Amino acid sequence: MRASLLSLIETVPGGAALRGALPLANGQLGMLQVDLARQAGAGEILCLVSSVGEKVRQIEAYAIACGMTFHLVRSVADISVRLASDDELLIIADGLYVAPENMEQIARETGTFVSSFAPGDGARALIERFERIDINHIWAGLACVRARDLVDARDLPDDWSVQSALLRLAVQRGYRRQVLPFALAEAGGMAIVRDAAEVEALALQELAGSSGALGSRLVRMVPVQTLARQAWAARWIQPTLRAAALALPVGAIGLAIAGWSMTALGLLIAGRFAGHAANRLFGRFAASRMPVAEQTARDAAFALAFIAITILTVAASHRLAGLFAALILPGLALVLSRLSALPPRSLPRVWLAVAISPSLVALAAFIAIPFAAMLPVLMVWNLMLVALMLWQTRPGVLATDPPRPHI
């Protein structure tokens with residue numbers, strides 16, 4: 001079995017706030033470490049503390065919500081009595097941050113190991129954040145040790161850092177080195193954070209990285225970053241966005257029946273935007289991610305509302321054509337998204353994202369309504385999807401001539 005050792009002891013420079021409890025997006029840095037431990041196969045969290053406050057209890061509640069057991073410990077003796085001799089202990093450094101796109105790769109390591117960087121001479125400022133192992137290597141903040149080896153560290157003085165002592169033990173025992181590219185640290189993919197400003201900068205970097213090229217430029221604008229910070233700080237934003245993502249499409253159906261088609265499509269677009277915002281802003285932590293059933297309900301509500309608006313907007317003589325255009329559109333988009341994973345994979349990702357985006361379809365319909373051109377726009381969109389599928393499934397060019405048949 002594998003357990004994980006977190007630390008909530010180190011404080012920010014000149015302050016009393018715990019580095020592991022610093023706010024990260026809508027959670028805390030320690031919750032990110034719980035996710036890392038869970039992904040690495042740990043079923044139990046052992047948390048080093050010197051005192052227990054509200055922040056520690058919040059991280060404990062989060063770990064339990066993730067399906068993990070959680071125990072507070074204060075010494076190596078406390079740790080070793082909780083483990084069997086053949087157990088493994090995954091050590092996560094106090095204040096360690098790992099970006100979501102790097103977490104799966106880093107958590108995949110099995111057995112006992114010590115993760116390290118070999119940065120050379122050009123990264124002295126970053127080296128100061130990580131603990132040095134030897135003249136050429138610094139600790140990357142992760143190590144996995146055998147529980148039976150903890151016996152050698154039981155008699156440490158009280159003022160020793162438990163994590164540092166266990167790291168030294170792992171190095172002395174000759175555990176396998178997992179050398180990570182130092183580019184991870186240089187690009188902010190891994191970091192030992194020291195204060196709230198650094199964690200906030202990493203959270204905004206995450207948000208930009210998950211939003212695509214256009215979204216990334218948008219997120220880097222100061223007003224958008226300010227809104228993101230305010231959303232993370234306000235408890236009511238997340239439930240409001242999630243409720244709006246489902247309620248607005250349902251309300252759009254009623255407006256369409258009342259003849260307010262443009263307003264109905266506006267609500268549909270706003271609901272889709274609320275869903276995207278909820279996913280991007282609050283989808284960081286495993287225990288707080290949106291359930292699959294909720295996303296399915298959102299998609300179903302959007303589809304039903306869009307079909308209803310299409311049918312009720314076009315002329316009575318064209319309603320069957322409107323139904324056909326509205327029904328075939330999601331089917332073609334689904335097929336195209338599946339084809340994008342197959343060879344020849346030559347379709348640019350931005351084209352695919354535009355073509356299968358329900359939000360953009362609704363926006364195009366919204367613009368077309370005043371010109372009484374909603375049905376033609378949907379038909380053109382369907383033709384575009386078919387053209388993209390034909391391009392995606394075109395025959396590949398062979399590197400060599402095909403064999404000639406025997407005569």
Side-chain angles (χ1 to χ4, degrees), residues 207 210-219 221 223-224 227 240-281 295 297-315 318-319 321-337 340 347-389:
L207 185 61
S210 66
S211 304
L214 179 60
S216 177
R217 289 193 290 271
L218 185 65
V219 169
M221 296 172 63
V224 177
L227 285 174
T240 300
L241 288 174
R242 290 175 64 174
L246 192 57
L248 291 180
V250 175
I253 297 175
L255 287 175
I257 293 172
W260 296 78
S261 297
M262 282 196 69
T263 308
L265 273 173
L267 283 187
L268 210 55
I269 295 167
R272 200 71 185 178
F273 175 80
H276 288 319
N279 293 347
R280 289 284 184 269
L281 288 169
Q295 183 62 53
R298 287 183 194 173
D299 293 340
F302 179 93
L304 290 173
F306 188 76
I307 291 169
I309 293 168
T310 303
I311 295 172
L312 295 171
T313 300
V314 299
H318 293 151
R319 283 185 178 169
L323 176 62
F324 174 78
L327 286 176
I328 202 170
L329 189 59
L332 290 175
L334 180 61
V335 173
L336 183 58
S337 66
S340 66
L347 188 64
R349 291 183 62 184
V350 64
W351 294 5
L352 177 65
V354 168
I356 67 176
S357 170
S359 305
L360 289 178
V361 173
L363 182 61
F366 176 83
I367 296 171
I369 282 180
F371 303 98
M374 182 175 180
L375 185 55
V377 164
L378 294 185
M379 289 179 172
V380 168
W381 204 290
N382 280 325
L383 287 174
M384 179 182 67
L385 293 182
V386 172
L388 290 175
M389 284 191 289

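Worth saying up front: this structure is predicted, and the values here are computed from it rather than measured. Throughout, numbering of the chain's residues begins at 1 and tracks the sequence. Note that these values count all heavy atoms, side chains included, but never hydrogens, waters or copies made by symmetry.
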Checklist outcome for this item: In short, Thr313 meets Ser261 closest at the heavy-atom pair OG1-OG, 3.0 Å
Item to check | Reported CE-to-CE distance for the pair Met389 and Met384, which is rounded to 0.5 angstrom | outcome: 10.5 Å
In a table with atom names and distances, give each donor-acceptor pair under 3.5 Å that connects a side chain of residues 323-330 to protein atoms at least two apart or in another chain.
none

Checklist outcome for this item: One should read off an interatomic distance between Ile309 CD1 and Leu304 CG, to the nearest 0.5 angstrom, of 11.0 Å
Item to check | Heavy-atom pair with the smallest gap, counting every atom of Leu241 and Ala277 | outcome: CD1-CB, 4.1 Å
Next on the checklist: In the structure I gave you, are the side-chain heavy atoms of Leu246 and Gln295 within less than 4.5 Å of one another anywhere?
Outcome noted: no
Checklist entry - Say you draw a straight line from CZ of Phe306 to CD1 of Ile269; how long is it, rounded to the nearest 0.5 Å? => result 9.5 Å
Checklist entry - Atom CZ in Arg272, atom CG in Leu268: separation rounded to 0.5 Å? => result 8.5 Å
Item to check | Ala274 versus Ala244, closest heavy-atom pair with distance | outcome: CB-CB, 4.0 Å
Scan the side chains in residues 359-368 for donor-acceptor partners under 3.5 Å anywhere in the protein, sequence neighbours excluded, and list what turns up.
from, atom 1, to, atom 2, distance (Å)
Ser359, OG, His276, NE2, 3.3

Checklist outcome for this item: Between Ala264 and Ala256, the two heavy atoms sitting closest are CB-N, 3.9 Å
Next on the checklist: Give me the atom names and distance for the closest heavy-atom approach of Ala301 to Val250.
Outcome noted: CB-CG2, 4.5 Å
Checklist entry - Given the rule in the side-chain contact (heavy atoms from CB on, under 4.5 Å) test, do Arg242 and Asn279 qualify, once you have shown the distances and angles that lead to the verdict? => result CA-CA 9 Å; Arg242 290 175 64 174; Asn279 293 347; over 6 Å; no
Item to check | Distance, nearest 0.5 Å, that separates CE of Met374 from OG1 of Thr310 | outcome: 3.5 Å
Checklist entry - From Phe302 CZ over to Ile307 CD1, what is the distance, rounded to the nearest 0.5 angstrom? => result 10.0 Å
